[in-house]
Asker: 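Before I ask anything, here is the structure I am working with.
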Amino acid sequence: ARCSHSTRPTGWRWCCFMERPLTLTRGSSWAHCSYCHRGATGPWPLTFQLTTRSAMTSKGPEEEHPSVTLFRQYLRIRTVQPKPDYGAAVAFFEERARQLGLGCQKVEVAPGYVVTVLTWPGTNPALSSILLNSHTDVVPVFKEHWSHDPFEAFKDSEGYIYARGAQDMKCVSIQYLEAVRRLKVEGHRFPRTIHMTFVPDEEVGGHQGMELFVQRPEFHALRAGFALDEGIANPTDAFTVFYSERSPWWVRVTSTGRPGHGSLFIEDTAAEKLHKVVSSILAFREKEWQRLQSNPHLKEGAVTSVNLTKLEGGVAYNVVPATMSASFDFRVAPDVDFKAFEEQLQSWCQAAGEGVTLEFAQKWMHPQVTPTDDSNPWWAAFSRVCKDMNLSLEPEIMPAATDSRYIRAVGVPALGFSPLNRTPVLLHDHDERLHEAVFLRGVDIYTRLLPALASVPALPSES
Ligand SMILES: CSCC[C@H](NC=O)C(=O)O
Ligand SMILES: [Zn+2]
Ligand SMILES: [Zn+2]
């Protein structure tokens, strides 16, 4: 409910959410309701519309919204691959649990790899829980291409926060925490328990993180009925939501052949045969690209992609090598017949000649689709809130691989959702950044989503 601003005397601040006067906890431009911790700024009327972006931008730390300050603190923790400081991240979440009065459990899934679980118990322990997952690691940076230090969380005069992880996905971790904080201080309780899991190593495949965690008794004890995990920003007004993922298949093709002097026409060389396989695979790539281009209804995640990412072999200009290899990053669409596709790869190798083999460095075989219709009560609750908030959703298949695949594979429906619209897609890119107003709007969105999800009535399987 929004207050009717015109009827309030000027000079007051009013919490639009709680319909009560704000207790000012900071200086004049940012007013925070000490009860629900929502902030508001600028002259009357107070709104949270993105159209007031510039008005929401603060200049110094004194005027900054405390949720933004917390976000920037987290961005400064260097959980960057390949040597993330996970210890600092775990300590950060333990402190959040202490401050919020949440349960905190640490599960070491491999030596030095801890999953931190923060828990807000529901009122009906018979019901399954809501899992809010986020990974704590971030990808490396090319520092020389950044306008600001990627681990300083610099905020420019317009309100853009520059940092590795600003979009992928440290924003989401803090948005979950701040939404829970608001709901908790407002005195709410919901039937279903809410667990927030903060997991390591997603950016390198989740093999020392979620892949192990979902097999542990501690995971099963959470009794997750539904999960939210990361999505991708959307540059338009709409929000992207992912209901499935393509399966990563990392394939190395090794070709062996006759060696010899570089001046001679050697027959049956490794390079010739490798070239044939590369040509077959790149022709397939072109076909999928054309299929995507020619059908406006198809989104990137609905076709199979492949890139040639490594070429290895050779020792000298004048020595024909006996072995050469090519590595490919395939992302296989969920509707593909996996067995037939693997046979196709094998037949391209065989067609190239003797001594051409392939091996897999990653081969995900369990694609799952979370239904996006009202047969799925979780989707019904999620999409209803978005409709009520006038958010338009674009349901898609995630082109890349996230920890959602492990969650879905153990039978827990999951949606990939980062509440970031009007934001250029800058994950893994130079100058990754997020506007503070978009970040705060995301906290508002979770503040609406969580009550709905945590109040989904008992499912047939739960009664
Ligand atoms: C296949 S494991 C690698 C996972 C990685 N995830 C995020 O970027 C990806 O490349 O999709
Ligand atoms: Zn991510
Ligand atoms: Zn990533």
Side-chain angles (χ1 to χ4, degrees), residues 71 74-75 77 79-82 84 86 89 113 115 132-142 150 163-176 196-214 227-234 240-242 244-252 300-301 304-310 327-334 338 359-368 396-409 414-420 423-434 442:
F71 176 36
Y74 182 37
L75 288 168
I77 299 177
T79 48
V80 55
Q81 294 288 357
Y86 285 134
Y113 294 84
V115 174
L132 305 177
N133 185 55
S134 57
H135 63 81
T136 58
D137 57 325
V138 298
V139 292
V141 293
F142 297 92
R164 176 57 85 220
Q167 293 189 15
D168 179 16
M169 63 172 300
K170 288 183 167 177
C171 54
V172 173
S173 305
I174 304 300
Q175 286 164 329
Y176 291 155
M196 288 174 276
T197 46
F198 302 94
V199 306
D201 260 30
E202 187 277 343
E203 294 294 4
V204 290
H207 308 300
Q208 312 256 59
M210 194 50 101
E211 184 170 23
L212 296 176
F213 184 52
V214 296
L228 287 178
D229 197 352
E230 69 188 305
I232 297 181
N234 190 315
T240 311
V241 56
F242 297 103
S244 187
E245 295 193 355
R246 296 197 293 199
S247 297
W249 282 21
W250 290 356
V251 179
R252 185 155 89 146
E300 179 116 17
T304 296
S305 72
V306 56
N307 280 293
L308 171 56
T309 48
K310 272 205 269 186
S327 301
F328 300 89
D329 181 354
F330 283 90
R331 303 298 172 121
V332 187
F338 277 31
E359 65 198 311
F360 288 93
Q362 303 265 350
K363 189 186 186 197
W364 184 252
M365 294 294 281
H366 314 284
Q368 297 289 336
E396 286 187 29
I397 297 163
M398 168 67 85
T402 75
D403 284 336
S404 298
R405 71 190 185 283
Y406 300 122
I407 300 173
R408 292 193 187 105
L415 294 173
F417 178 66
S418 299
L420 312 174
T423 298
V425 176
L426 290 170
L427 77 170
H428 296 205
D429 204 344
H430 310 320
D431 274 349
E432 180 177 355
R433 61 189 177 274
L434 183 61

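Index from 1, following the sequence. Source: prediction; values computed, not measured. Both ligands and their constituent atoms are indexed starting at 1 by order of listing.
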Asker: Going by distance alone, is a donor N or O of one side chain under 3.5 Å from an acceptor N or O of the other, for N133 and E230?
Answerer: no
Asker: Give me the pairs of N or O atoms, one from ligand 1 and one from the protein, that sit under 3.5 Å apart.
Answerer:
from	atom 1	to	atom 2	distance (Å)
ligand 1	6 (N)	E202	OE2	3.4
ligand 1	6 (N)	A401	O	2.8
ligand 1	8 (O)	E203	OE1	3.4
ligand 1	10 (O)	R331	NH2	2.8
ligand 1	11 (O)	R331	NH1	2.8
ligand 1	11 (O)	A401	N	2.9
ligand 1	11 (O)	A401	O	3.4

Asker: Would you check if Q81 and D201 make a side-chain contact, meaning some heavy-atom pair closer than 4.5 Å?
Answerer: yes
Asker: Quick one: CG on D229 to NE2 on H135, what's the gap to the nearest 0.5 Å?
Answerer: 7.5 Å
Asker: Name all residues meeting the ring-ring contact (aromatic ring centres under 6.0 Å, His included) criterion together with W364; count only those two or more places apart in sequence or in a different chain, and write none if there are none.
Answerer: H366, Y406
Asker: For the Zn ion (ligand 3), state how many protein N, O or S atoms fall inside a distance shorter than 2.8 Å.
Answerer: 4
Asker: What residues form a salt bridge (charged side-chain N to carboxylate O under 4.0 Å, His left out) with K310, not counting sequence neighbours?
Answerer: none
Asker: Indicate yes or no: at least one non-hydrogen side-chain atom of W250 is less than 4.5 angstrom from one of S327.
Answerer: no
Asker: Between E245 and T402, is there a side-chain donor-acceptor contact under 3.5 Å, judged purely by atom types and distance?
Answerer: yes
Asker: Determine the minimum heavy-atom distance between P200 and Y86, stating which atoms define it.
Answerer: CB-CZ, 3.4 Å
Asker: Roughly how far apart are T309 OG1 and F330 CZ, rounded to 0.5 Å?
Answerer: 10.0 Å
